Protein chains: 2
Amino acid sequence: MTEATNSGAATFPAKRGRGERSSPTIYDIAKLAGVNPSTVSRALSKPGRVSAKTQKIIEDAAEQLNYQVNPFARALPTGRTQTIGLIVADITNPTFFDIIRGAETTGSARDYTLVLAESAESPETELIAARRMLSTVDGLILASPRMDDEKIRVLAADKPVVVINREIEGVPCVVPDVNKGISQAVRSLAANGHQQLAYVAGPPQSWMSRRRWEGVQAACDWYKLEAVRLESSKPTVDGGRQIARDVLASGATAVITYNDLLAIGLMQELQAAGVHVPDQISIVGFDDIFGADFTTPALTTVRSPLGECGSRAAGLLLDMLLGNDGPEGAVRVDTELVVRGSSGRLIA
Amino acid sequence: MTEATNSGAATFPAKRGRGERSSPTIYDIAKLAGVNPSTVSRALSKPGRVSAKTQKIIEDAAEQLNYQVNPFARALPTGRTQTIGLIVADITNPTFFDIIRGAETTGSARDYTLVLAESAESPETELIAARRMLSTVDGLILASPRMDDEKIRVLAADKPVVVINREIEGVPCVVPDVNKGISQAVRSLAANGHQQLAYVAGPPQSWMSRRRWEGVQAACDWYKLEAVRLESSKPTVDGGRQIARDVLASGATAVITYNDLLAIGLMQELQAAGVHVPDQISIVGFDDIFGADFTTPALTTVRSPLGECGSRAAGLLLDMLLGNDGPEGAVRVDTELVVRGSSGRLIA
DNA sequence: AGCAGTCTGTCAACCGGTTGCCAACTATTG
DNA sequence: CAATAGTTGGCAACCGGTTGACAGACTGCT
C-alpha cells in the first residue's frame, strides 16, 4: 500500500455546519500526550488497562483539549449508543407525561439520552417508529403499545424492549397492579352505601381497559355490588361528556371510569345537568393524572404510579443493557385509591 | 497490501446485542445488485446521480433485503444525524407538554427524531445537557432557557439553535406576543368594572415573567386601572395558594397571574377562604395549559399557543438546517384571551 | 470515421473511535 | 544472573456509509 498511486489525495471537506473548528479527536490527544491513539481510547474507556502514569498524562491532555467523545464514531464499531427510545401512544394524553418524565429522569441519571416518538394511537405508525428507532437506540420502552404481541416479541428479539401498561408473555413488562386500588375503591363505595356501580370502559383494543373491568367485576362480586359496563366512544373528556346520559340511564349511583379524562368529562356533564356529585353520584377516575385535583369537587381516583412505571421501565432496560436478564414475570407496581371529593356517601 | 503479513486476520466480534443476524449493509446490496457499494450509496441518497436502470435494480435489491441505513455510519462522515434536540426547563410543568408535542410532530413529519432532555430549572444542568446534546444533534431547541444570553450565543455559533419563550439578540426566537392577549384581558376586566388589578409574578429570573408584567402595566395605563405586582414564591399551584393572602390584602378585585398553575392554586385557596370567584375576585391565568378548564369555574386565561411555538421552532430549525438563514427578529405568535368562568362582573 | 462533451460506475480515502494480537518491557523468582 | 510471568503500548483491521477524482461508455456533431 505504501507505493500505491496516492493520486487522489482526497482532500476531505471541512464540514462542521458552522464554527469551523472541529472538535478534538483521540488523535489530537495522542499527539499531545505522545502515545498511540489506541492507548488513548483504552485510557478513556477501559479503566485499568493502561498504567496509572499514562492514564494521568492522557486525561490531562484530554482535559486541556476539552475533549468529548464522538458518540457516532463510538457507536459505529460497538453498536452502543447510550440512548434509549420511548414510544408513547399519544403525546397529547397526560397519562404519558409522567411516564416520559420518569424515563427521562432515570435515563439521564445513568447517562443515557432519551429519544421520544409517538404513534398517534396507530399500530402501524407505532411499528414503523419502533423499527426506525430500534436501529439507533440501545433499548426501547413501549408505553401502552397498540400493536400485537407477536410484533412486539419480534422487536424484543432484536434489542432489549420493556413494555409499560401491558403484559406480554416473554417480554419484560411494568404494569400497575390494579386490583389493590380497585378493591379499595369498591370497598369505599360499598361502605358509603352504593349498590349499583357502572364501569365506563376505554378503547376496546386496550389491554388495560379489559384488565380494569375484570378488576371491577371481581371487587364488586366480593363486596356484593352490581356492576354494569358502559362503552365510551373515546377515552377523553369529550367521551366522558357523551357517556353521561348512559350513566344516568343505567341507574348506577357510583361510577368508575377507565381513566381520569372520562371521569372529568362525565362529572362536568352531570353537574351541567344538575346532578350533584358526590351526593347523588360518586365518581372515581383512574390514574391520578395532572389536573385531577383541579376539579370541583376534586376527583377521587385510583392512582397508577405512572412516573414510577416510566422510571422502573428505564431501570429495567438499563439493567438488561448491562447484560442482566429481564425479570421473570411482569413487574407490578401498586395502585392505591386517592380519596378526594368526587366520591362519598349516597344522599338519597 | 496483498503481500502484507496478514498475520492478525482480526476476526471482528459478532456484536449485535442479540438476534445475531446483523442488518444488511450497502455492501450486501451491492453484491446482490452486482454494482459497487459507492453506486448503491449514490442511488440511495443522490437522486439523479445514477441511471434510472441501475437505480431500479438497486432499489429492488434494497427492498428485497429490507435495507435500512445505519444512521451512525452516515453521521460519521457527514455530521448529519437527522435528529433535533429539545431542552425544557422542567418536564413536570405542563406548559412544556404542548411544546414537546409540537416539536415532535413537525420534526417527525420531516423525518427528524426528537431527543429530549430537561434542565430541572438549573442553568448549569441546562448548559451541560445542551453541550452534550449539541454533539449528537443537527440543531437544538431551548424552551424557556435559564442560562445567560452569552452562553446561548456561544452554543448558537456552533450549530443552529432556536429559543422559545425568550428573546435573545442574534439568536432565532419564537415568542408569544403577550400584548394582544393581555390587552384583551385588561379591557375585559375594565369593562366588568374592575379598577384595581394585581399581577402575580413568576420566577425573578424569568424573562417571560418580566415581559408579562410590562404588558400588564402598559394595558392598565391605557385602560386606567391601578396595577400592583406581587411576588410568588414559586410558579406552581402551591405558590398560588400561598399568595392568596397577599392578593386579598392588596385590595385588588382582579388578578392576572404569571401562569395558570398560580391561578389555579390561588383560586382554590380563595374559594376555601369563602371568597367567591368571579363575583368578588376575577382571576385570569396565562398559557391555557391542559386542565385549565377542569376547574370550577373554568379558568379564564391568556392562551399562549405553546404547541404552535414548539412546532414553529422546529420548523425554523429545520429550515436553517436546509441552509436558510434564521429569521431577522423574533417570530411572534399571537396570544388571545380565552374567557371562561373565573372572570366576570364585579358584584360588590 | 473522428472527436469533443456528457453520463455513469468504480476506486480509494476518509470520518473517529474500538479491539485482537503481538512485541517490548518490567518485575518476580529459582 | 538467567528464565519466566505479567504489564503495557502499538499496529492495523474494522464498523458502514460518503464523496472527489477519474476512466470507460455513449452521444451527437462535423
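Here is the naming used below: chain letters follow the sequence lines, and residue numbers restart at 1 for every chain. Remember, predicted model here, so these are calculated numbers, not experimental data.
For the pair Ala43(B) and Ile58(B), the tightest heavy-atom approach, listed with the atom from each and the gap, is CB-CD1, 3.7 Å. Scanning both residues, Cys309(B) and Ile164(B), for their nearest heavy atoms gives O-CD1, 3.8 Å. The two residues Leu155(B) and Arg131(B) have their closest heavy-atom pair at CD2-CG, 4.4 Å.
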When you compare the protein's N or O atoms with those of nucleotides 8-12 of chain D, which come within less than 3.5 Å of each other, and at what distance?
from: dG9(D); atom 1: OP1; to: Ser51(A); atom 2: OG; distance (Å): 3.0
from: dG9(D); atom 1: OP1; to: Thr54(A); atom 2: OG1; distance (Å): 2.1
from: dG9(D); atom 1: OP2; to: Ser51(A); atom 2: N; distance (Å): 3.2
from: dG9(D); atom 1: N7; to: Arg49(A); atom 2: NH1; distance (Å): 3.2
from: dG9(D); atom 1: O6; to: Arg49(A); atom 2: NH2; distance (Å): 2.9
from: dG10(D); atom 1: OP2; to: Asn36(A); atom 2: N; distance (Å): 2.7
from: dG10(D); atom 1: OP2; to: Thr39(A); atom 2: OG1; distance (Å): 2.7
from: dG10(D); atom 1: O6; to: Arg42(A); atom 2: NH1; distance (Å): 3.1
from: dG10(D); atom 1: O6; to: Arg42(A); atom 2: NH2; distance (Å): 2.9
from: dC11(D); atom 1: OP2; to: Asn36(A); atom 2: ND2; distance (Å): 2.8
from: dC11(D); atom 1: N4; to: Ser38(A); atom 2: OG; distance (Å): 3.2

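One can place CG of Leu76(B) at 14 Å from C1' of dT19(D), the figure rounded to the nearest angstrom. Here the C1' atom of nucleotide dG16(C) and the CZ atom of Phe72(B) are 14 Å apart, to the nearest Å. Atom pair Ile26(B):CD1 and dC15(D):P shows a separation of 12 Å (rounding to whole Å applied). Straight-line distance from the CG atom of Asn70(A) to the P atom of dC14(C): 18 Å, rounded to whole Å. Taking atom CG on Leu44(B) and atom C1' on dT8(C), their separation rounds to 17 Å, with Å as the unit. Look at CZ on Arg80(A): it is 14 Å from P on dG17(C), rounded to the nearest Å.
Taking every side-chain heavy atom of Thr25(B) into account, dG17(D) is the closest of dG17(C), dT19(C), dG17(D). Taking the side chain of Ala73(A) as heavy atoms from C-beta on, and the options dG16(C), dT18(C), dG17(D), the nearest nucleotide is dG16(C).
Within a 6.0 Å sphere centred on CZ of Arg153(B), heavy atoms belonging to other residues, nucleotides or ligands number more than 12.
Regarding contacts with the backbone of dC14(C), every side-chain N or O of Tyr27(A) stays at 4.0 angstrom or more from both OP1 and OP2. Residue Lys46(B) places at least one side-chain N or O under 4.0 Å from the OP1 or OP2 atom of dT19(D). Distances shorter than 4.0 Å separate none of the side-chain N or O atoms of Tyr67(A) from OP1 or OP2 on dG16(C).
Under a 4.0 Å N-O distance rule, the pair Glu104(A)/Arg101(A) does not qualify as a salt bridge. For the pair Arg110(B) and Asp319(B), the salt-bridge criterion is met [side-chain N within less than 4.0 Å of a carboxylate O].
The shortest side-chain heavy-atom distance between Leu44(A) and Val40(A) falls under the 4.5 Å cut-off.
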